[in-house]
Amino acid sequence: MTTRYRVEYALKSHRRDQFIEWIKGLLAVPFVLYSQPTGVFEGQGINNVKMAEEAHRRYAEIMRDVELMIDDHMAHQVEHNPVPSKLKMLVPPIGELFTRLPLEAAFKFQDRKRYISSRRYVAPSFNDVRLILNSAQIMAVTTYGTLQLATFDGDVTLYDDGQALESDSPVIPRLLDLLQKNVKVGIVTAAGYTEAKMYYARLQGLLDAMAASTTLTPTQKQSLIIMGGEANYLFEFDPCSPYLLAPVERERWLTDEMMSWQQDDITALLDVAESALLECVKTLNLPATLLRKDRAVGIIPKEGVKIPRESLEETVLVVQKILEVSISAAATFRDSPKLNRVPFCAFNGGRDVFVDIGDKSWGVAVCQKWFGGGDGKMIKGDNTLHVGDQFLSAGANDFKARSVGTTAWIASPSETVELLDELADLMGKKLAQTS
Ligand code: IMP
Ligand code: MG
């Protein structure tokens, strides 16, 4: 039994997004019933056109039905209804949603781009559904309200893993365009450095372009911040500072809850994480070096080698489990460190594994507070969009941002560019309607 449970867990739950899988399953039925695999022998005949139209109609109906279920789920949230919504019963991990999702319109938009309904051999996929959800989310943040804050993960979202934002990156003009439209921008990255110089090395293209811009106003230039180490180091764009970034002391930006994180508890938690990581290095014979920082501890591959993906995942799951057990054990002894006061994030960075103090829900919340206008006011979740590549429930660090704002899940910097173009288009249309 235990083994079966562990196999199920290890193979499935942390590597699947259950909401996306569920929608994929719903769309598989019309795919099986209406796709005509023999149609490929008939050229562009009437039957093929009819097939695509029929599949499109059925897929759109399903997306409309899911959209209505989301409306019902949100009504439960608003009423604090103790009875779970139908959606919650069908997809138990579904969490709080900040906006309704126009899934039918988003499906039609993506079907025009990706010809999902015209496919006979490949059913609507995980990526199709992920992109439909992204489109629905950005339609929602621009249509039902106003986007005030956009936060972006770094690696894989703005630049390739381990690389930097070079001056010719197509992401840069799109980020400047957001700032020009008075949207606040936060780069919320796990990369944790205490010095501006290190962030400048990763973000030079963007920072230089901001400094050189003659169209951005001083207020718009002040609307870019870097939140590093998940939620540990804050830098403001500042054209007069060395490396164009001014560090901001913690006292100025910590949220009230974050103020209660004590240094002793942080050190104790990182000590447990460090010994768990070292244990994994030994057990799995990982070609890795330990890296301890003041707010994080990680293992990075030795020069010229790659740690297998399975080993990285195993390490994350083991370390997470050990930390969880230590936290609940520590809570029962009065004089042990209060590990439970300090949230952490253990994640697989693609090449490395890190345990950071805090997580991106705190990082995005700091941005919401920083740009909230003072007096502890925060930009609300439905006016916030976090764009990232890591949204699996375990071992992924953008996932936590879902609890404080709307999110879009991209798989590469070029998808971020497409998403920002879609967003600019929708914001432009909205502007045209209101003017
Ligand atoms: P993100 O995708 O921008 O959140 O960056 C994640 C990557 O940053 C990790 O995979 C690491 O390679 C790198 N990194 C550098 N320093 C740190 C740290 O202190 N904590 C976590 N990740 C770090
Ligand atoms: Mg990333």
Side-chain angles (χ1 to χ4, degrees), residues 130 150-165 169 171 175 185-206 225-235 266-267 269-270 273-274 277 286 288-303 305-307 309 311-313 315-316 319-320 323 342-364 366-367 386-392 395-402 407-416 419:
R130 178 175 60 76
T151 59
F152 296 87
D153 161 59
D155 292 58
V156 183
T157 301
L158 295 180
Y159 35 81
D160 287 328
D161 201 12
Q163 304 301 303
L165 200 45
S169 163
V171 171
L175 293 179
V185 173
I187 297 178
V188 181
T189 170
Y193 314 120
T194 46
E195 292 167 31
K197 187 178 171 188
M198 301 292 282
Y199 287 108
Y200 181 73
R202 306 297 301 272
L203 301 166
Q204 182 173 5
L206 173 66
I225 55 175
I226 318 297
M227 177 84 262
E230 318 274 0
N232 286 301
Y233 312 101
L234 185 68
F235 291 83
I266 289 173
T267 308
L269 190 126
L270 292 178
E274 178 174 327
L277 283 168
L286 303 178
T289 316
L290 187 103
L291 187 61
R292 174 86 182 237
K293 302 185 173 186
D294 77 325
R295 292 286 175 123
V297 57
I299 49 162
I300 53 172
K302 290 194 169 142
E303 189 76 32
V305 283
K306 199 172 170 293
I307 305 173
R309 178 176 59 80
S311 303
L312 294 172
E313 282 186 11
T315 304
V316 171
V319 172
Q320 205 159 25
L323 281 169
V342 186
F344 70 92
C345 176
F347 76 102
N348 167 4
R351 290 164 304 143
D352 43 36
V353 171
F354 270 92
V355 178
D356 289 318
I357 297 300
D359 60 49
K360 290 198 184 183
S361 69
W362 299 95
V364 174
V366 167
C367 299
H386 177 74
V387 183
D389 66 296
Q390 291 220 347
F391 282 100
L392 290 170
N397 66 351
D398 294 299
F399 176 77
K400 291 286 174 76
R402 276 196 186 154
T407 54
W409 182 351
I410 54 76
S412 65
S414 60
E415 276 197 16
T416 304
L419 184 98

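Just so you know, these numbers use all the heavy atoms, side chains as well, and skip hydrogens, waters and symmetry mates. Nothing fancy with the numbering, it's 1 onward along the sequence. All ligand and atom numbering here is 1-based and tracks the order in the structure.
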Q: Using 30° and 60° as the class boundaries, would you call the ring planes of H386 and F391 parallel, tilted or perpendicular?
A: perpendicular
Q: My understanding is that we take every heavy atom of each candidate and find the minimum distance to atom 10 (O) of ligand 1. Doing that for N397, D352, V353, which one comes out nearest?
A: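 It is D352 that holds the nearest heavy atom.
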Q: Keeping the roles fixed (side chain from D389, backbone from W409), state whether a donor-acceptor pair exists under 3.5 Å.
A: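 No; zero donor-acceptor contacts below 3.5 Å.
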Q: Report the name of the N/O/S atom of D155 located nearest to the Mg ion (ligand 2).
A: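 Closest N, O or S atom of D155 to the Mg ion (ligand 2): O.
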Q: Looking only at protein heavy atoms, identify the closest one to atom 20 (N) of ligand 1 and say how far it is in Å.
A: D356 OD1, 2.7 Å
Q: Is there a donor-acceptor contact under 3.5 Å from the side chain of Q390 to the main chain of N397?
A: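 It does hold such a pair.
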Q: Using a 4.0 Å cut-off to any heavy atom of G154, which atoms of ligand 1 qualify?
A: 3 (O)
Q: Could you tell me if the ring centre of Y233 sits under 6.0 Å from that of Y193?
A: no
Q: Where do I299 and A288 come nearest, in terms of heavy atoms and distance?
A: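 Here I299 and A288 meet closest at CB-CB, 4.1 Å.
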Q: Return yes or no for this condition: an N or O of D161 is under 3.5 Å from an N or O of ligand 1.
A: no
Q: To the nearest 10 degrees, how large is the angle at the Mg ion (ligand 2) between D389 OD1 and D153 OD2?
A: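 Output for this angle: 70°, rounded to tens.
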Q: Using a 3.5 Å distance criterion without hydrogens, assess whether the side chain of D359 forms a donor-acceptor pair with backbone atoms of S361.
A: yes
Q: Would you check if the Mg ion (ligand 2) lies under 2.8 Å from any N, O or S atom of D161?
A: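 No N, O or S atom of D161 is closer than 2.8 Å to the Mg ion (ligand 2), so no.
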Q: Mind checking whether V188 has an N or O less than 3.5 Å away from an N or O of ligand 1?
A: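 The answer is no, given that V188 and ligand 1 share no N or O pair closer than 3.5 Å.
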Q: Give the single entry among K360, K293, M198 that approaches atom 19 (O) of ligand 1 most closely by any heavy atom.
A: K293
Q: F354 to ligand 1: N or O pair under 3.5 Å?
A: no
Q: Relative to atom 18 (C) of ligand 1, which among G349, G298, C345, A190 owns the nearest non-hydrogen atom?
A: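 Shortest heavy-atom distance from atom 18 (C) of ligand 1: A190.
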Q: Below 4.0 Å from ligand 1: does a non-hydrogen atom of R351 turn up there or not?
A: yes
Q: Tell me which part of D155 gets within contact of ligand 1: side chain, backbone, both or neither, using heavy atoms under 4.0 Å.
A: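 D155 to ligand 1: contacts from backbone and side chain alike.
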Q: Any nitrogen or oxygen of T189, main chain or side chain, under 3.5 Å from a nitrogen or oxygen of ligand 1?
A: yes
Q: Please confirm whether D153 comes under 4.0 Å of ligand 1, counting heavy atoms of the residue only.
A: yes
Q: Is the backbone of A411 close enough, under 3.5 Å, to the side chain of E415 for a donor and an acceptor to pair up by distance?
A: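 Side chain of E415 to backbone of A411: a pair is present.
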